[in-house]
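Each chain gets a letter, A, B and so on, in the order its sequence line appears, and its residues count up from 1.
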Amino acid sequence: KAGVTQTPRYLIKTRGQQVTLSCSPISGHRSVSWYQQTPGQGLQFLFEYFSETQRNKGNFPGRFSGRQFSNSRSEMNVSTLELGDSALYLCASSVGQGGDKNIQYFGAGTRLSVL
Amino acid sequence: GDSVTQMEGPVTLSEEAFLTINCTYTATGYPSLFWYVQYPGEGLQLLLKATKADDKGSNKGFEATYRKETTSFHLEKGSVQVSDSAVYFCALSGYNKLIFGAGTRLAVHP
């Protein structure tokens with residue numbers, strides 16, 4: 001079974017631009033979560049989607065948004081990029097309900113650099 | 001709120017040494033607990049998990065026991081290898097999310 005796939009792996013943007021990151025979950029998984037990883041703040045939760053509905057959201061500004069499609073694929077968007085948005089963005093998928101709902105499997109991440 | 005505290009790294013060991021990475025947590029309710037590992041340039045890999053008190057998770061020679069009385073989930077391995085060099089994250093399950101510790105870097109030398 002294929003794992004979680006994130007595209008692109010690397011991105012370079014300039015301040016003020018916007019960016020869209022993509023995540024394809026493991027087949028059969030209906031939940032997708034996004035995390036931001038930086039050296040200073042560690043791993044921080046952005047948001048979680050289940051069956052196209054956002055169930056939980058972290059403490060990030062409104063410039064960070066996401067969505068999930070009917071095939072469970074997810075995208076996250078960051079508008080008006082700032083230097084501090086430079087980070088590794090990780091996507092994770094899980095079944096989303098039942099006994100294994102908390103077990104999350106991660107993709108390799110998208111490394112975003114804002115210049 | 002819920003939180004996870006890990007011992008600070010880096011932890012530097014010789015090959016075949018015994019490893020312990022401490023992890024304690026604060027949580028309301030009864031979360032599941034996890035250890036993830038991150039190799040350079042990669043995402044997180046689930047190493048092991050435990051879903052209730054006294055459960056022992058194990059994988060690839062690593063073990064951790066869910067201790068409710070001490071709110072701990074320490075990671076152990078009896079004999080580390082150079083290939084175990086990575087960053088290890090302890091995590092607990094929150095409301096439809098994972099809450100991570102700061103990570104502990106392990107370096108194993110031949």
Side-chain angles (χ1 to χ4, degrees), chain A residues 3-7 9-10 21 23-26 29-51 53-60 66 68 87-111, chain B residues 1-10 21 23-53 55 57-60 64 66 73 86-105:
Chain A
V4 178
T5 303
Q6 291 188 245
T7 56
R9 288 295 310 277
Y10 303 93
L21 312 182
C23 174
S24 294
I26 292 171
H29 285 191
R30 295 166 63 189
S31 168
V32 172
S33 300
W34 290 89
Y35 296 84
Q36 181 195 65
Q37 186 178 25
T38 60
Q41 300 298 316
L43 282 153
Q44 294 187 283
F45 170 75
L46 280 154
F47 26 67
E48 187 258 358
Y49 288 87
F50 177 77
S51 292
T53 299
Q54 186 182 87
R55 292 197 298 191
N56 197 4
K57 186 177 188 303
N59 188 25
F60 277 81
Q68 187 181 33
L88 180 65
Y89 289 89
L90 293 165
C91 167
S93 77
S94 75
V95 294
Q97 60 183 4
D100 288 341
K101 75 170 196 171
N102 293 315
I103 303 175
Q104 296 189 8
Y105 298 91
F106 284 78
T110 294
R111 171 79 59 187
Chain B
D2 295 357
S3 65
V4 176
T5 302
Q6 286 181 238
M7 64 187 287
E8 286 192 25
I21 300 178
C23 171
T24 57
Y25 67 90
T26 301
T28 54
Y30 304 96
S32 295
L33 300 175
F34 306 87
W35 278 100
Y36 282 85
V37 59
Q38 186 174 35
Y39 297 99
E42 299 185 10
L44 303 180
Q45 294 180 24
L46 177 63
L47 184 57
L48 53 83
K49 65 176 175 63
T51 56
K52 62 183 186 298
D55 268 2
S58 62
N59 186 26
K60 300 180 182 179
Y66 191 161
F73 192 56
V87 180
Y88 292 80
F89 292 92
C90 183
L92 64 81
S93 58
Y95 176 66
N96 295 321
K97 67 178 181 181
L98 293 176
I99 297 167
F100 289 90
T104 302
R105 183 174 300 277

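Of the atoms belonging to A/I103, heavy atoms from both backbone and side chain fall under 4.5 Å from chain B. Interface remark: A/Q41 contributes no atoms to any contact with chain B (heavy atom separation under 4.5 Å). When heavy atoms are compared at a cutoff of 4.5 Å, A/Y35 approaches chain B solely by way of its side chain, counted from C-beta outward. If you measure heavy-atom distances from B/K49 to chain A, the contacts under 4.5 Å come from the side chain alone. For B/L44, the parts lying near chain A are the backbone and the side chain together; criterion is any non-hydrogen pair under 4.5 Å. For a residue to count as touching a neighbouring chain, one of its non-hydrogen atoms must lie under 4.5 Å from one of that chain's; by this rule B/Q45 does not touch chain A. For B/F34, the part lying near chain A is the side chain, with the backbone staying farther off; criterion is any non-hydrogen pair under 4.5 Å. For A/R9, the part lying near chain B is the side chain, with the backbone staying farther off; criterion is any non-hydrogen pair under 4.5 Å.
Under the 4.5 Å side-chain criterion, counting only non-hydrogen atoms from C-beta, A/Y105 is in contact with B/L46.
Around atom OH of B/Y39, more than 12 heavy atoms belonging to other residues, nucleotides or ligands sit under 6.0 Å away. Taking a 6.0 Å sphere around CD of B/E8, one finds it holds 12 or fewer heavy atoms contributed by other residues, nucleotides or ligands.
How far CZ of B/F89 is from CD of A/Q37: 4.5 Å, rounded to the nearest 0.5 Å. Atoms CD and CZ, on B/E42 and A/F106 in that order, are 14.0 Å from each other to the nearest 0.5 Å. The NZ atom of B/K97 sits 13.5 Å away from the CZ atom of A/R55 when rounded to the nearest 0.5 Å. Here the CG-CG distance, from B/N96 to A/N102, works out to 7.5 Å after rounding to the nearest 0.5 Å. Rounding to the nearest 0.5 angstrom, the gap separating the OH atom in B/Y36 from the CD atom in A/Q104 is 5.5 Å.
Of all the listed residues (B/G103, B/G43, B/S32), the one sharing the greatest number of non-hydrogen pairs under 4.5 Å with chain A is B/G43.
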Before you tell me yes or no, could you show the steps for A/L88 and B/Q38 under side-chain contact (heavy atoms from CB on, under 4.5 Å), namely the whole-Å CA-CA distance, both residues' side-chain angles and the distance that decides it to 0.1 Å? CA-CA 12 Å; A/L88 180 65; B/Q38 186 174 35; 3.8 Å; yes
